[in-house]
Amino acid sequence: MSFIRNNTRSIKLGSVTIGGGAPVSVQTMTNTDTRDVAATVAQIGRTVAAGAEIVRLAVLDERAADCLAEIVPESSVPLVADIHFDWRLAVRALEAGVDGIRINPGNIGGADKVRRVAEAAGARGAVIRVGVNSGSMEKEVLARHGGHPTAEAMVESALDKVRLLEETGFRNIKVALKGSNVMNTVAAVRLWAEASDIPQHLGVTEAGDAFSGTVKSSVGLGLMLAEGFGDTVRVSLTAPPEEEARTAWEILRAVGLRSRGVEFISCPTCGRCEGPLFQLAAEVRQRLGDVKAPLKVAVMGCIVNGPGEAKEADAGIALGRESGLVFVRGRQVEKVPFDRLVDVLEQEVRNL
Ligand code: SF4
């Protein structure tokens, strides 16, 4: 399946191109105290290993902004400073070397301050992401929309904020319209694409724990991406940011936009299942978590339906009684007892 991607303007966030048909990039956000440089750098490293291509950090005070000067050189991906209320923190973060900032131009002290931030970002070629969150919208905008953060209200709020920036001549902008209501967010993203060519960052905010967040993000991001919207994505989970990055990649893979690492296929099991499939599937996933090549690996519970699926994959196993069959690229290569099955499958995958 091929996509017609929504046509957005192309901007550069450090080494990452956003919009203009560039691949949709995966973003996450650290949850360490940014003033703890060692912990933050370590977490950025883990998220990058899990597939993050852009990382955002909360900058709450001047010390945090200054710590960015030590964090930026240690990061292999562009960093975005998340700023609220204080325009001076935005300028300080830019001086510390971040490639982007996330602000709400409506809450940093008026047009003059917006101009100062835009000038600082412009001088460094940095991106400004304008965020609209359904939970914290301006009273006046809400009043014009019956008191509710409707899709129209979110777009109006974003357009107001973008106007403040564009009036300064700044164009290196990305927007994010996020709501915790999935279908409302989807509607806002569609409307935005009609109103502007500014690239969009997609996400369903406050989506919940790993279970409900994954479901909501998969539905929301899946719909938006399948309609061709979105230039960067974040899956928000009440879980470590590495999980967010992994989940984002699974969603991009499921809609056929990008792939990275092993695609796992396993059966739900039924009365035909011949062995400890749940345990084996979990172990295979854990062992192959570091493989970056886009390979398909199947773990199937019986020799009735298992071999067909295992043969379709790059490598796979199908359980029989006390032993399993191992397949590589459509060929049965070995019959192995359960206790050695994962070792053999892992070796075959690594050989590929
Ligand atoms: S592969 Fe076999 S064990 Fe797994 S669900 Fe299908 S029939 Fe059941």
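On a predicted model such as this, the values are computed, not experimentally measured, just so you know. Note that ligands are numbered from 1 as they come in the structure, with each ligand's atoms numbered from 1 the same way.
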**OP:** Measure the distance from atom 4 (Fe) of ligand 1 to every protein heavy atom, then report the residue, atom name and distance (to 0.1 Å) of the closest one.
**Re:**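 Protein heavy atom with the smallest distance to atom 4 (Fe) of ligand 1: Cys267 SG, 2.4 Å.
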
Original post:
Are Phe211 and Val219 grouped together when hydrophobic residues (ILVMFWY) are joined by side-chain heavy atoms under 4.5 angstrom apart?
Top reply: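 As far as the 4.5 Å side-chain criterion goes, Val219 and Phe211 are not connected within one cluster.
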
Subject >> Hphob cluster co-occupancy, Ile71 + Leu60, side-chain heavy atoms under 4.5 angstrom >> reply: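 No, no single cluster joins them.
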
**OP:** Could you tell me whether atom 2 (Fe) of ligand 1 has an N, O or S atom of Cys302 under 2.8 Å away?
**Re:**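 True for Cys302.
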
**OP:** Output, in order, the C-alpha distance, side-chain angles, deciding distance and verdict of salt bridge (Lys or Arg N to Asp or Glu O under 4.0 Å) for Arg350 and Glu346.
**Re:** CA-CA 6 Å; Arg350 294 200 184 276; Glu346 180 185 0; 2.9 Å; yes

Subject >> Atom CZ of Arg253 with >12 non-hydrogen neighbours under 6.0 angstrom >> reply: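 Above 12, so yes.
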
Please identify which atoms of ligand 1 are closer than 4.0 Å to at least one heavy atom of [X].
{"X": "Asn305", "result": "1 (S), 6 (Fe), 7 (S)"}
{"X": "Gly301", "result": "3 (S), 4 (Fe)"}
{"X": "Cys273", "result": "3 (S)"}
{"X": "Arg272", "result": "7 (S)"}

Original post:
So, do Arg35 and Asp61 sit near enough that their side-chain heavy atoms are less than 4.5 Å apart?
Top reply: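 When only atoms from C-beta onward are counted, Asp61 and Arg35 do touch, with a gap below 4.5 Å.
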
**OP:** State plainly whether the residues Asp86 and Arg92 are in salt-bridge range, i.e. N to O under 4.0 Å.
**Re:**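 Salt bridge flag = no for Arg92 with Asp86.
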
Subject >> From the candidates Pro307, Cys270, Pro268, the one that places a heavy atom nearest atom 8 (Fe) of ligand 1 >> reply: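 Among Pro307, Cys270, Pro268, the closest heavy atom to atom 8 (Fe) of ligand 1 comes from Cys270.
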
